[in-house]
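Order of the sequence lines fixes the chain letters, A, B, ..., with proteins taken first and strands second; residue numbering starts at 1 for each chain.
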Amino acid sequence: MLSKSPPVVWRSRIYRYRLIGCKCKNCGRVHYPPASACPYCSSRDLEEVELPRVGKVLSYSIVYAVDSDARERSPVILGLIDLGVTRIIAEITDANPEDIKIGSQLEAVFRRIGEDGETGVIIYGLKFRPVI
Amino acid sequence: MLSKSPPVVWRSRIYRYRLIGCKCKNCGRVHYPPASACPYCSSRDLEEVELPRVGKVLSYSIVYAVDSDARERSPVILGLIDLGVTRIIAEITDANPEDIKIGSQLEAVFRRIGEDGETGVIIYGLKFRPVI
Amino acid sequence: MAYITGASMINIDRHYDKSIRRLASDAVFKLDSSSVENVDYVIVASSISYLQEPQLDLASYIASALGLRNARAFNVEAGEVSGATAVLMAKSLVDSRLASKVLVVGVDKLSNYPSAVTYKHISLLNDSESESLYSIGLGGIAGILMRLYMETYKVDRLTLAYWPALMHSNAKLNPYAMLRFTITPEKVLDAMPIADPITLLDTFPIGDGAAALVVESKPRDALAEIVAVESAVGYPSITLSPDPLRIDSLELAYSRLTEKLDLKRIDVIELHDSYTISAILQLESLRLAERGKAAEAVANGYFTVNGDGPVVNPSGGLKARGHPIGATSVYQVAEVASQIAGIFPGLKVPDAKSGLVVSVNGFGSNSYVVYLRGVE
Amino acid sequence: MAYITGASMINIDRHYDKSIRRLASDAVFKLDSSSVENVDYVIVASSISYLQEPQLDLASYIASALGLRNARAFNVEAGEVSGATAVLMAKSLVDSRLASKVLVVGVDKLSNYPSAVTYKHISLLNDSESESLYSIGLGGIAGILMRLYMETYKVDRLTLAYWPALMHSNAKLNPYAMLRFTITPEKVLDAMPIADPITLLDTFPIGDGAAALVVESKPRDALAEIVAVESAVGYPSITLSPDPLRIDSLELAYSRLTEKLDLKRIDVIELHDSYTISAILQLESLRLAERGKAAEAVANGYFTVNGDGPVVNPSGGLKARGHPIGATSVYQVAEVASQIAGIFPGLKVPDAKSGLVVSVNGFGSNSYVVYLRGVE
Ligand SMILES: [Zn+2]
Ligand SMILES: [Zn+2]
């Protein structure tokens, strides 16, 4: 996380803590994170919806060249995860790289995401772990 | 000082440590800090010159709303200082606000300018103090 | 020919609960929805958000978040003159027929950090190789200039306090202004000093804002025509300027405008009063007062609705409307266009047919002027 | 009509000893001095410098430092497509007759901080409300896309390694390229993994750069004509894209170009290969190969001087020439214009009469295409 200004962290808490996206009342499609208009049909008539907390891996990458915020936990496994109604890119936790396959089932868990060295602000949010 | 990247601090050391400006070989005017072309006649034919280390106050301000880098030494006295060949804005040190008048004589002194909390880089440079 | 066919603003404030994209959509969604249909380009004017809420290629993310899928997008950054530059680009795209409709969105964020950090970000409007290298912010330079002005022209501090008092008086009527209360000139002198001789009441409040303009090639239902946008770069620091009390870049930009146009009449002006001294020097650079005499003219009411001069800053100016850095000149253009159209919701300038926006980065490193005229 | 009458570049490298202004002047001062006389506008394309070496209103400070006193100036920021946007603005100013000569300066700085911090700055090209909020950089997304591509089209990793090998081979002849050594496809697979299946040799090196273009309304002595610049915004994230292996914004930008023009022939292309997979997806978006087949076409030499396709990235591309973010597409336009004029100092494309520049932010949040043609 880059901009660790306290208002930025505070503003994004809801969609970080829970998987809150938007459903378009015009075309019915869901997007995440919430925007001011539907990315598919441009309608502004949206309602917040909670996304499914389980999904499956469409693709993944094992990231070694992580930025300075995540260095301590390198490598990081990133997944493109299909939640059915939409997709999300998130960190996959509690797993070794060799455990992850395309099609693996995952579930959302609440975790510490990072911390800002200067302000001491700690960021929490959702990661995904394998369903056993 | 804002961008405390080590290369930025290193690159600016010479004109911070000594008063190095540029003299234009075309129009003869001096500018500070050094630029790639003369701000008066646009000539690129410049030579580095050391500026006088004494000057007099043209105007000044006592700054209370200082940025986060300088908070510990608020208020800061800033002077617009006439060095004869050109002018400079610099911090006036070793003086109380009431000692400074328009026309006061000042001389350059080498001082600590600031420090970056994150990288620990300490910045040195020139300030000006009253000539006694 | 380029016309302003829509203008909207949100109130300037510390919008802690709103991201930069939300501020942008709040402004854009106040426009008629038909006016953002078929937008060819979205030009975002934003400056200090690069430090407060970093997002590169911000404009494409704003266009997406607003549902403007068929638009092209880019961000113009020119410090405090960003908005005027965006208006120039909109005019250029329309004049060159590369676009027939352009949405200009000025949006900036100053409240994501405590004031001391925000001042540091603002100081980057100054030359980073001289002033801001030494933590020298805008306030200190303004203080130096104000003292120099007072000494050079023998003007007293109280005379210089009529400007902020006038701005607060004007802002009281503006629903989008951040500071909507009146003050006396005496109160300016009593306020907390921030860069002596400057007090807290000589300068703009820290607030976020967003304003939007629709620029089109068609004059139908237009608020005003963008007749010309001119500009000039200046010395990077007042230390290099032969006379720091002259804003050379503004004089050059304005002369470029007057050479092209016959400006017989300017009914309303919105200028860039980041500090009281900035307003005074700009009034003199535009020759609306003799050198050393602008403060007195202000105190005498010359620039009010009842005065003999053009009405200056009926919005309340940067001082009291507020100054969301990269968005400010979009507010100014929206205000002047609304005055010309007779729909400005604050202090109205009766029968305004033409107007000027003055935008300055720092104390003259870059200056823009935008001249607007009513549509017959 | 807008023409490129001058082009210059400096070598891309970690120029620790040079400020952003010095990089800019090194590029501009390589132009004939007569070509920067009477410049009406200086448009600076710079992006990541806002984080690496912060200076607001950068363009006016650059114009001053370069002695361009009579110019007007502003900065365009659009992430990785900043340079192409600046070229569009130059064309627009010339076409609208608001300017007769525009200097475009692409300049960016990536070496002011250690790589881990620079990666963090680069990650801000991604959506700051989703990816970069979670420290997700470009590399991770590229890795996800590359694995998806390999699985979807059953393409093996070695076939995908011919792209970087070709880029290094091309860059060896380019005096301005950062990486001037050849590599084998096998060596790409053996290199350090950065975002598996991506290795260090699949992506661009960290380097600073500056390039300049003179754009004028007069065709005399021109290197090339800027026939058209088109663009489109895309989904802010690949998560929203119906098919992440299609770059919708590039397809839309390119179709906007081909609708206007009859592009019978494109002799040379410089595209945006920030990662191997980016190049492959762009080749397919431009329909230069069927879906799933671009890597094989690259491996078979289709895009080389001896191949049947247009020559792609004779400069060495982002992969080996380098990728100073906001400056990159100014390099690309300078390279294609120089190829058309027959003066490119690296690998020459014989008898090139037309060329295309492709610039993409991230993985498609914004895409630009610039079409250049020789002057008869
Ligand atoms: Zn919809
Ligand atoms: Zn000179």
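Your options are B/C41, B/P39, B/S43, and the one with the most heavy-atom pairs under 4.5 Å with chain D is B/P39.
The distance from the OG atom of D/S33 to the CZ atom of B/R44 is 6.0 Å, given to the nearest 0.5 Å. Atom-to-atom distance recorded for D/L68:CG and B/S36:OG is 10.5 Å, nearest 0.5 angstrom. Annotation: the span from B/S42 atom OG to D/L66 atom CG amounts to 9.5 Å, rounded to 0.5 Å.
When every heavy atom of D/R22 is checked against every heavy atom of B/A35, the shortest pair comes out as NH2-O, 4.4 Å. Shortest non-hydrogen contact noted between D/S111 and B/P7 is O-CG, 3.8 Å. Between D/R69 and B/Y40 the shortest heavy-atom distance is NH1-O, 2.7 Å.
Within 6.0 Å of the NZ atom in D/K30, the count of heavy atoms belonging to other residues, nucleotides or ligands exceeds 12. By the 6.0 Å contact criterion, CZ on D/R97 is open, its count of non-hydrogen atoms from other residues, nucleotides or ligands being 12 or less. Counted within 6.0 Å of CZ on B/R112, heavy atoms from surrounding residues, nucleotides or ligands total more than 12; the atom is thus considered enclosed.
Within the 4.5 angstrom heavy-atom criterion, only backbone atoms of D/K18 (N, CA, C, O) approach chain B.
A cation-pi arrangement is absent between B/R11 and D/Y16 under the rule of less than 6.0 angstrom and at most 45 degrees off the ring axis.
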